[in-house]
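These numbers come from the heavy atoms of this one structure, side chains and all, not from hydrogens, waters or symmetry mates.
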Amino acid sequence: MDLKDQIAIVTGAGLGMGRAIAEKLSQDGALVVVADKNEEGAQETACIITAAGGKALAVKADVSNISDIKEIFEKCKLNFGSPDIFVANVGLTYISPLVEISEEDYYRVYDINAKGTLFCLKEAGLQLKDGGRIVAISSSMTRYPDKGRILYASTKAALQLMVEVAAQELAERGITVNSVMPGLTDTPSVRAGLPLDIQQMIINKSPFKRLGNPQDIAEVVSFLCSKNSQWISGQHILVNGGCLF
């Protein structure tokens, strides 16, 4: 994809899927603002990009705080200019049976995944140049729900409707809004949190006999950020290697 001189913001880009997305956008020519709550991770991603010849700016930000969201965009404009691309990647994975969920759990997950995404989309709607691109990272869990995921999956279902409404509202400025719904992807959090036997069971059920990798997701995000995707908006792209679970 040709993203030469485009200015992109990627949240949750300090590791895993977000890092792969930030790297891919840079490889395609974009200047990238790497936002993450983990400052060390954000700096590391930015260093990887600059070492490869790209331009990147690391910003420490917690998207559950609206002031941090605004700061991401302010630093972007100060250092690179107004953004063309916004990727809402940050999200908190949470697994718990319905009967064990606490009010504290609810606010912790919803503050990041729902509130954080909503106000990121709002700020992107205010700050992106006309003709810009917004991509939100959702989950195949909205298509194939599983036990223990009611809190997490419901935040991603909310994200899905946010994307559809935002796509309608921002179309008059030529801004497209879409989501990508990854299946199980081989990230550090998955490797640390999912037992190997469960990972192998999923691999065995996969038509391609593997987990997804962050680069699989990054390729699709890059396409949705490009001019080639100008007639795609309000859509949810399932990127899970054909898994029907």
Side-chain angles (χ1 to χ4, degrees), residues 6-13 17-18 21 25 33 35 61-74 76-77 82-94 106-145 149-183 217 220-240:
Q6 296 280 292
I7 298 168
I9 297 172
V10 183
T11 65
M17 201 179 299
I21 292 168
L25 297 183
V33 175
D62 178 352
V63 300
S64 66
N65 296 324
I66 295 174
S67 60
D68 280 17
I69 295 171
K70 292 180 180 293
E71 186 174 359
I72 295 170
F73 284 85
E74 288 170 1
C76 177
K77 287 197 294 184
S82 295
D84 303 278
I85 295 165
F86 181 79
V87 181
N89 167 73
V90 69
L92 178 63
T93 302
Y94 180 83
Y106 169 84
Y107 283 112
R108 184 162 59 92
V109 178
Y110 264 76
D111 273 358
I112 294 173
N113 294 5
K115 172 190 165 186
T117 299
L118 174 65
F119 284 95
C120 279
L121 293 181
K122 174 188 174 181
E123 202 63 25
L126 290 169
Q127 303 287 350
L128 253 64
K129 297 173 189 170
D130 290 355
R133 300 284 183 266
I134 297 174
V135 180
I137 305 301
S138 181
S139 170
S140 63
M141 197 65 61
T142 60
R143 188 75 59 83
Y144 305 111
R149 305 289 186 136
I150 188 168
L151 198 54
Y152 173 76
S154 63
T155 64
K156 295 301 185 179
L159 182 155
Q160 185 168 318
L161 286 170
M162 292 177 197
V163 163
E164 293 174 10
V165 175
Q168 295 292 315
E169 294 188 5
L170 299 176
E172 63 183 17
R173 293 180 47 215
I175 296 173
T176 65
V177 189
N178 295 288
S179 81
V180 170
M181 303 188 297
I217 312 305
V220 178
V221 172
S222 180
F223 167 71
L224 291 174
C225 291
S226 74
K227 296 303 180 184
N228 295 340
S229 67
Q230 63 184 349
W231 202 232
I232 302 174
S233 195
Q235 304 304 307
H236 313 287
I237 313 300
L238 189 62
V239 188
N240 72 341

Side-chain heavy atoms of Gln168 within contact of Val177, under 4.5 Å: no
pair Glu164-His236: side-chain heavy atoms closer than 4.5 Å: yes
Residue pair Lys227 / Arg133, side-chain heavy-atom distance below 4.5 Å: yes
Residues Ile7, Ile85; criterion side chain to side chain contact (heavy atoms under 4.5 Å, CB included); working and verdict: CA-CA 6 Å; Ile7 298 168; Ile85 295 165; over 6 Å; no
Contacts table for residues 135-145: side-chain donor-acceptor under 3.5 angstrom, sequence neighbours left out:
from   : atom 1 : to     : atom 2 : distance (Å)
Ser139 : OG     : Met141 : N      : 2.9
Ser140 : OG     : Pro182 : O      : 3.2
Thr142 : OG1    : Ser139 : O      : 2.9

Value rounded to 0.5 Å, distance of CG in Leu161 from CG in Leu118: 12.0 Å
Verdict with reasoning, Thr117 to Met162, per side chain to side chain contact (heavy atoms under 4.5 Å, CB included): CA-CA 9 Å; Thr117 299; Met162 292 177 197; 4.1 Å; yes
Contacts of Asp68 that satisfy salt bridge (Lys or Arg N to Asp or Glu O under 4.0 Å) - sequence neighbours left out: none
Counterpart residues, salt bridge (Lys or Arg N to Asp or Glu O under 4.0 Å), relative to Glu71 (two or more places apart): Lys75
Residues that Phe119 engages under ring-ring contact (aromatic ring centres under 6.0 Å, His included), provided they are two or more places apart: none
Within residues 113-127 or reaching into it, pairs that qualify as salt bridge (Lys or Arg N to Asp or Glu O under 4.0 Å) - sequence neighbours excluded: Lys70-Glu123
From NZ (Lys129) to CD1 (Ile175), nearest 0.5 Å: 11.5 Å
Straight-line distance of Leu92 CG to Ile112 CD1, nearest 0.5 Å: 4.5 Å
Student check: side-chain heavy atoms of Thr11 and Phe86 closer than 4.5 Å: yes
Spacing of OG1 belonging to Thr176 relative to CD belonging to Gln230, to within rounding of 0.5 Å: 9.5 Å
Minimal non-hydrogen separation, Ser179 against Leu159, with atom names: CB-CD2, 4.1 Å
Nearest-0.5 Å distance, CG of residue Asn89 to CD1 of residue Ile217: 10.0 Å
Verdict with reasoning, Thr155 to Asn113, per side-chain hydrogen bond (donor to acceptor under 3.5 Å, both in side chains): CA-CA 6 Å; Thr155 64; Asn113 294 5; 3.2 Å; yes
Test item: Phe73 and Ser82 side chains (from C-beta on) under 4.5 Å apart, heavy atoms: no
Shortest non-hydrogen contact from Arg108 toward Tyr94: NH2-CE1, 3.5 Å
side-chain hydrogen bond (donor to acceptor under 3.5 Å, both in side chains) between Asp62 and Ser64, worked out: CA-CA 5 Å; Asp62 178 352; Ser64 66; 2.7 Å; yes
Pro83 vs Val33 side-chain heavy atoms within contact, under 4.5 Å: no
Rounded distance [0.5 Å steps], CG in Leu126 versus CG in Leu121: 11.0 Å
Leu151 side chain reached by Tyr110 side chain, heavy atoms, under 4.5 Å: yes
Counterpart residues, side-chain contact (heavy atoms from CB on, under 4.5 Å), relative to Ile232 (two or more places apart): Asn178, Phe223, Leu224, Ser229, Gln235
Min side-chain heavy-atom separation Ile9-Val87 under 4.5 Å: no
